[in-house]
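In what follows, a structure is listed as structure tokens, so that the remarks can point back to it.
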Amino acid sequence: MNGNTAEMPVLSIDEAASYIRASREHIYNLIRRGELTSVRAGHRRLIRRVDIDKMLDQRAEQFEPRTRHERQSAAIDIFS
């Protein structure tokens, strides 16, 4: 695997996992859930890097950070 995935337009499952610092299983789960598009090329499954970037952008837009108080409350609720 080439360490320069940011310049490659199409990534293998391993390269996609490396690109977003996730496991292969996580990439397969994203594909199964329809959150990430892939294509089969022979026995390989390939993912366009732009699709990964698009997915990450969408998730970043949906992200709502919790305040420090909300994080502490959640921890307290778990242990009460």
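In what follows, every heavy atom counts, from backbone to side chain, and hydrogens, waters and symmetry copies are set aside.
In this view, Arg59 and Glu35 satisfy the salt bridge (charged side-chain N to carboxylate O under 4.0 Å, His left out) rule, not counting sequence neighbours. Looking at residues two or more places apart in sequence or on another chain, you find a side chain to side chain donor-acceptor pair (under 3.5 Å) between Asn29 and Arg32. For Arg44, the salt bridge (charged side-chain N to carboxylate O under 4.0 Å, His left out) criterion is met by no residue, not counting sequence neighbours.
Residue pairs meeting the salt bridge (charged side-chain N to carboxylate O under 4.0 Å, His left out) criterion with at least one partner in residues 16-31, sequence neighbours excluded, are Asp14-Arg24.
To the nearest 0.5 Å, atoms CZ (Arg45) and CG (Leu36) are separated by 10.0 Å. The distance from atom CD1 of Ile52 to atom NZ of Lys54, rounded to the nearest 0.5 Å, is 13.0 Å. With values rounded to the nearest 0.5 angstrom, Leu30 atom CG is found 10.5 Å from Ser38 atom OG. Atom OH of Tyr28 is separated from atom CD1 of Ile13 by 4.5 Å, given to the nearest 0.5 angstrom.
Grouping Ile, Leu, Val, Met, Phe, Trp and Tyr by side-chain contacts under 4.5 Å, direct or through others, puts Val10 with Val39, Leu46.
Looking at Met8 and Glu15, their side chains come closer than 4.5 Å, going by heavy atoms from C-beta outward.
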Legend entry - Evaluation steps, side chain to side chain contact (heavy atoms under 4.5 Å, CB included), between Ile47 and Ile27: CA-CA 10 Å; Ile47 303 164; Ile27 298 298; 3.6 Å; yes
Legend entry - Intermediate values then yes/no, side chain to side chain contact (heavy atoms under 4.5 Å, CB included), Arg48 and Thr37: CA-CA 8 Å; Arg48 293 186 319 164; Thr37 305; over 6 Å; no
